[in-house]
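To start, the structure itself, in structure tokens.
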Amino acid sequence: MNKLAALSILAVALVLPAVSSGEIGNIKIDQQKHSKAQAGVGVVTFPHTRHEKLNKCGDCHPKIFIDKAGANKITMKGNMEGKFCGSPNCHNSPRAFALYECAKCHENVKKIK
Amino acid sequence: MKAPFKIGKTALLFLPAVILGFAVFVSGTFNLAESATAKAAAAKPAGKTEAAKPPAQQAIDPTNASSVIYLDTAGKPAGIGDPNAPPSAAFKLGRGWHPQALSAVGLAKDRFGLIDWAKLVRDNVIKPKPSLDPADEEMPPLKLDVLIPAKGDFVDDVIYPHEMHTWWLKCEVCHPNIFIPAKGENNMTMVAIAQGQFCGRCHGKVAFPLADCKRCHTSPKSASKK
């Protein structure tokens with residue numbers, strides 16, 4: 001009986017993240033509109049699902065990002081100082097593409113030439 | 001009775017390590033001998049060409065004195081790679097493996113493991129020339145910092161240091177082709193820089209990489225917003 005209970009808890013624990021992941025999909029980050037417009041770059045699309053496949057939830061939440069859309073004041077300044085996307089194990093490291101590859105995250109980045 | 005047995009056992013345990021060590025030692029000396037004969041063969045003018053075939057790529061260990069780092073006439077590391085190519089020529093062309101030979105001499109590195117050339121100039125380790133033409137008159141580095149405000153509300157502004165650049169480069173390298181020599185007259189953007197314009201003509205190619213944001217973005221935003 002006890003064993004069954006433990007097993008079912010285990011099953012739920014295994015299935016839950018599998019269900020909740022894949023549902024998040026892409027998150028649009030459209031804060032700091034004014035600043036982005038000045039720099040000539042558009043909205044950022046954060047592919048949550050793709051990151052779920054490469055990292056554990058605990059890698060990012062809650063230390064790097066509070067898990068609530070819009071609750072993080074993400075800035076490019078923060079990124080280059082090793083916060084948010086630019087955290088030491090992320091886009092400020094050889095693990096992922098570098099921060100200056102604007103068009104990989106931002107929409108409407110002007111193509112020069 | 002027990003003690004000798006123990007010693008015998010430990011000796012037995014170490015035997016494989018000893019054999020391995022010996023094998024490494026032997027193959028090491030063998031490699032040395034082999035490359036020596038290869039060099040001798042290469043030194044001979046015309047003759048058996050098959051002996052001069054390049055040796056197989058070896059792992060390069062800068063701390064190992066017998067690793068294939070070539071020395072120039074002054075005895076300084078000049079190149080790693082093809083023993084048939086004169087190291088001094090390889091050194092001049094900046095070709096082959098010489099960056100790795102350079103890494104062996106313990107020059108200062110940045111956080112990407114690249115040689116920090118700016119620091120070497122600041123620390124008086126090297127004195128680069130802005131021109132290779134001996135007829136060119138030498139100009140002392142220009143001590144002029146130019147503030148380049150970053151667009152947007154957050155990112156720190158950029159201070160462009162003429163001094164570090166004019167150690168290496170003549171004015172004509174940048175003016176007027178890359179930059180109009182007037183503050184604020186160049187319509188730069190980070191987007192353009194990241195696509196190889198303006199600072200991106202050199203940074204990420206021959207100078208420290210663009211990923212090192214904070215080496216350019218050095219002036220706090222609030223300081224310029226007076």
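Chain letters run A, B, ... following the sequence lines, proteins first, then strands; residues in each count from 1.
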Exercise for review: Might you point out which heavy atoms bring Val191(B) and Ala39(A) nearest each other, and give the distance in Å?
Suggested key: CG2-O, 4.1 Å
Practice item. Would you give the length of the straight line joining atom SG of Cys216(B) to atom CE of Met80(A), rounded to the nearest 0.5 angstrom? Key: 9.5 Å
Practice item. Would you sort out whether Gln195(B) and Val109(A) count as a side-chain contact (heavy atoms from CB on, under 4.5 Å), showing the intermediate values? Key: CA-CA 11 Å; Gln195(B) 291 177 47; Val109(A) 175; 4.2 Å; yes
Review point. Can you say whether Asn79(A) sits under 4.5 Å from chain B via the side chain, the backbone, both, or neither, judging by heavy atoms?
Key: neither
Practice item. Identify which part of Lys36(A) has an atom lying under 4.5 Å from any heavy atom of chain B, answering side chain, backbone, both or neither. Key: neither
Practice item. Calculate, to the nearest 0.5 Å, the distance between atoms CZ and CG belonging to Arg111(B) and Asn92(A) respectively. Key: 5.0 Å
Check your understanding: Is the number of heavy atoms from other residues, nucleotides or ligands within 6.0 Å of NZ (Lys143(B)) greater than 12?
Key -> no
Check your understanding: Yes or no on side-chain contact (heavy atoms from CB on, under 4.5 Å) for Asp156(B) and Glu81(A), after CA distance, side-chain angles and deciding distance?
Key -> CA-CA 10 Å; Asp156(B) 288 345; Glu81(A) 284 171 351; 4.2 Å; yes
Review point. Considering residues, nucleotides and ligands other than Lys119(B), do more than 12 of their heavy atoms fall under 6.0 Å from its NZ?
Key: no
Check your understanding: Is there a side-chain contact (heavy atoms from CB on, under 4.5 Å) between Met76(A) and Phe154(B) once you walk through the steps?
Key -> CA-CA 7 Å; Met76(A) 212 60 217; Phe154(B) 305 98; over 6 Å; no
Check your understanding: Would you say Ser35(A)'s side chain and Asp153(B)'s backbone share a donor-acceptor pair under 3.5 angstrom?
Key -> yes
